[in-house]
Amino acid sequence: MNRVLAMMFKEWKICIDTPLGYVIAVAFFLASGYFFSSNLFLIGQADMRNWFSSLPLLLMFFMPALAMRMLADEQRTGTFELLATMPLRTGEIVAGKFLAVLLQITLLLALTLTYPLTLALIGDLDVGQVSVSYIAALLMASSYAAMCLFASGITRYEVVAYVVGFGLLLAMFLVSQSLPLLPPAMQDTVMLLSPLAHYESMIRGMLALEDVLYFLSLTGLFLILTWFSLERRRWM
Amino acid sequence: MIHAELLSRQYGIPSSKKTDNGAFYAVRDLSFHVRRGEVMGLLGPNGAGKSTTMKMLTCFLPPSSGDATINGVPLKDDVRIRQQLGYLPEQAPLYTDLDVHAHLAFIASMQGLPKATAADRIREMARLCGLESVLNRRIDELSKGFRQRVGLAASMLHDPVCLILDEPTTGLDPNQIVEIRHLIRRLGEEKTVLLSSHVLSEVEAVCDRVMIISDGQLRSIGTTDELSRAASGESRLRLVLRGDVSRFTTAIRSQHSTCSVEAEVAATGDDVYQLMLSCSDPSVHLGELAFQAAVSAGAVLLEMQPQSTSLEDVFHQMTGGRS
């Protein structure tokens with residue numbers, strides 16, 4: 001566990017020592033602030049629902065950026081060989097990297113807590129719904145982080161990692177958007193597999209076990225795929 | 001210390017050469033033994049399989065067949081193997097966004113060193129590798145020589161019994177090369193070192209024994225002297241003689257028919273000649289033979305110098321002239 005945490009803190013240190021982390025954070029808050037304020041001032045509603053609905057779109061752009069260099073960079077610069085020849089398991093590398101991405105997105109989401117605090121001052125905020133929505137956001141972010149980490153594990157190039165990560169998240173987004181176009185018989189199955197459908201159900205304020213399990217399973221599945229992507233050298 | 005037994009690594013890339021059911025062998029049936037406290041040079045042209053061999057020994061790549069043990073631990077016990085090893089891959093990969101201390105501290109935590117021990121080891125390795133003045137500098141601001149030293153320091157943090165260094169002096173300037181060689185030599189007094197290189201002078205300067213591989217196969221192994229002797233297959237003596245060369249040559253041939261005198265070296269004037277005396281019979285003492293032949297020919301020997309085959313010649317011969 002110490003190694004996993006050391007890996008996480010190393011990534012955190014690189015993130016705060018280099019401009020990339022700050023650029024992503026500033027861009028995230030500009031985009032996120034736009035969605036929040038347009039809802040507040042243009043529509044005149046003091047609730048977070050629309051902001052949470054726009055979050056998957058935001059994460060689609062920002063999550064691949066947070067995760068793209070995690071493994072691709074290690075493979076391109078050769079430091080992965082260094083890690084892989086030290087007495088730690090590939091699983092520990094994957095876990096440390098995943099926690100590093102999760103830490104970064106959690107901090108970004110934590111800073112958006114200023115939105116509900118502002119709303120609480122000027123209106124009547126449904127604290128329960130917002131709390132469940134944040135849990136939903138974190139769960140969705142963790143599955144997105146795992147997907148983007150997988151994208152970073154299959155290539156040496158950050159740009160490719162970004163495009164593949166973005167492509168995966170876009171595919172998830174399009175699946176849920178295409179629901180009305182599908183035959184009714186397929187709709188239930190696709191809804192069951194769509195992260196957005198689970199997320200939408202949670203941000204309505206319902207914390208259902210099946211939704212939580214869905215996101216945890218999706219996260220686990222992509223972490224395992226990431227592990228395979230790093231172990232592939234053994235079977236080549 | 002390191003025992004490799006028929007190590008092979010094949011890739012699924014079809015190749016016109018070394019094919020066996022369409023597979024490409026990067027290393028094939030490589031067996032060798034590196035003794036405790038020995039610096040072994042792994043020499044070979046580019047693409048000979050040096051790095052693949054090292055990657056297998058460090059458990060980065062599993063061998064397709066064969067096995068090896070390091071300090072008695074088999075390769076399949078990869079975590080224990082890695083505890084025994086310090087590995088410096090080619091080009092010393094480093095976290096260039098970190099400062100030297102943070103990089104070494106990270107490596108120490110990956111090696112599982114307790115914090116207090118790690119701090120002591122970082123100090124000790126920084127002193128040994130001459131990094132004290134740059135400990136707080138970011139790695140991307142350092143020269144190649146310093147980066148290489150950071151890589152070496154990182155590979156030794158956990159005090160491994162065996163060091164595997166893949167071309168540790170690549171890209172360094174002559175002064176830095178000398179420094180790193182001194183450092184490796186010093187390390188070799190305590191640790192087993194396997195060092196790959198295609199710089200022959202480096203191997204000659206640093207290694208106790210040399211192993212030459214080409215096309216993934218072992219061509220020769222031994223000390224540089226042993227390799228030279230094995231490669232030339234004859235002993236040679238360079239002579240400077242004053243007198244009648246043809247009588248001297250006849251005298252040599254009458255005593256030993258297996259010996260020859262090469263007249264390719266031209267006369268230097270004043271009846272003084274340079275000659276090369278060679279003999280394929282190892283029992284013949286060339287110095288004694290030359291002396292007796294000179295006496296019977298009435299010639300005077302001015303100089304005698306035993307000639308050995310250089311490592312360059314050995315390398316060229318063993319690898320079929322590939323570079």
Side-chain angles (χ1 to χ4, degrees), chain A residues 1-24 66 68-97 99-100 104 156 158 227-236, chain B residues 9-13 24 26 51 54-64 73 77-99 101-103 105-115 118 138-140 150-151 154-155 157-158 160 164 166:
Chain A
M1 194 61 193
N2 282 344
R3 292 190 177 108
V4 174
L5 293 178
M7 178 80 72
M8 184 183 83
F9 286 123
K10 189 265 288 178
E11 293 303 333
W12 174 246
K13 189 164 166 47
I14 290 177
C15 176
I16 57 170
D17 282 356
T18 54
L20 183 67
Y22 297 101
V23 170
I24 294 172
L66 284 176
M68 63 183 182
R69 49 160 289 281
M70 287 290 163
L71 291 165
D73 203 41
E74 299 262 10
Q75 295 180 89
R76 186 179 52 78
T77 58
T79 45
F80 181 73
E81 193 173 343
L82 211 60
L83 290 179
T85 51
M86 284 195 277
L88 74 160
R89 303 266 173 212
T90 305
E92 291 176 299
I93 301 175
V94 175
K97 298 286 183 179
L99 287 181
Q104 291 170 27
R156 297 153 55 93
E158 292 176 18
W227 183 88
F228 273 112
S229 76
L230 296 182
E231 288 282 304
R232 70 183 184 277
R233 69 179 190 280
R234 295 180 175 273
W235 305 298
M236 274 164 67
Chain B
R9 171 73 194 186
Q10 67 184 93
Y11 296 105
I13 308 161
F24 170 85
S51 293
M54 294 190 150
K55 285 181 204 299
M56 283 192 283
L57 290 175
T58 53
C59 303
F60 183 69
L61 287 176
S64 306
V73 182
D77 196 352
D78 55 355
V79 172
R80 270 183 68 209
I81 280 270
R82 290 163 184 172
Q83 285 166 344
Q84 317 265 339
L85 282 182
Y87 177 42
L88 178 67
E90 201 177 347
Q91 309 284 355
L94 305 166
Y95 293 105
T96 51
D97 292 326
L98 296 178
D99 61 50
H101 189 275
H103 175 81
F106 172 69
I107 299 292
S109 55
M110 289 296 111
Q111 292 287 4
L113 294 185
K115 268 202 168 144
R138 268 172 68 110
I139 292 174
D140 54 7
V150 175
S155 69
L157 270 179
H158 56 300
I164 294 187
D166 197 355

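We use all heavy atoms of the structure for the numbers below, so side chains are in, but hydrogens, waters and symmetry mates are not. Protein chains get the first letters and strands the later ones, always in sequence-line order, with residue 1 at the start of each.
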A.B. asks: Under a 4.5 Å heavy-atom cutoff, which of Leu85(B), Leu98(B), Thr96(B), Ile81(B) has the most pairs with chain A?
C.D. replies: Leu98(B)
A.B. asks: Quick one: does Val79(B)'s side chain get under 4.5 Å of Arg89(A)'s, heavy atoms only?
C.D. replies: yes
A.B. asks: Examine whether an atom of Thr79(A) lies under 4.5 Å from a heavy atom of chain B, and if so say whether it belongs to the side chain, the backbone or both; otherwise answer neither.
C.D. replies: both
A.B. asks: Find out whether Asp97(B) and Ile14(A) are in side-chain contact, i.e. whether some heavy atom of one side chain is under 4.5 Å from a heavy atom of the other.
C.D. replies: yes
A.B. asks: If you tally heavy-atom pairs under 4.5 Å against chain A, which of Arg80(B), Arg138(B), Gln83(B) wins?
C.D. replies: Gln83(B)
A.B. asks: Nearest 0.5 angstrom please: Glu81(A) CD to Met54(B) CE, how far?
C.D. replies: 11.0 Å
A.B. asks: Picking from Ala92(B), Gly112(B), Pro93(B), Ser64(B), which has the most non-hydrogen pairs under 4.5 angstrom with chain A?
C.D. replies: Pro93(B)
A.B. asks: Does the Arg82(B) side chain pair with the main chain of Ala84(A), one donor and one acceptor, at a distance under 3.5 Å?
C.D. replies: yes
A.B. asks: By a 4.5 Å heavy-atom criterion (distance strictly below it), what part of Glu74(A) contacts chain B: side chain, backbone, both, or neither?
C.D. replies: side chain
A.B. asks: Quick one, Ile107(B) and Lys10(A) - any side-chain contact, counting heavy atoms below 4.5 Å?
C.D. replies: no
A.B. asks: Is it the case that the side chain of Arg3(A) and the backbone of Met110(B) share a donor-acceptor pair, with hydrogens and angles ignored and the cut-off at 3.5 Å?
C.D. replies: yes
A.B. asks: Would you indicate whether the side-chain heavy atoms of Cys59(B) and Thr85(A) approach each other to under 4.5 Å?
C.D. replies: no
A.B. asks: Where on Leu83(A) is there a heavy atom nearer than 4.5 Å to chain B: the side chain, the backbone, both, or neither?
C.D. replies: side chain
A.B. asks: So, taking the atom named CG in Leu94(B) and the one named OG1 in Thr77(A), what distance separates them when rounded to the nearest 0.5 Å?
C.D. replies: 9.0 Å
A.B. asks: Quick one: pull up OH in Tyr87(B) and CE in Met86(A) and give me the separation to the nearest 0.5 Å.
C.D. replies: 12.0 Å
A.B. asks: Using a cut-off of 6.0 Å, state whether more than 12 heavy atoms not belonging to Asn2(A) lie near its atom CG.
C.D. replies: no
A.B. asks: Answer with side chain, backbone, both or neither: which region of Phe106(B) has an atom nearer than 4.5 Å to a non-hydrogen atom of chain A?
C.D. replies: side chain
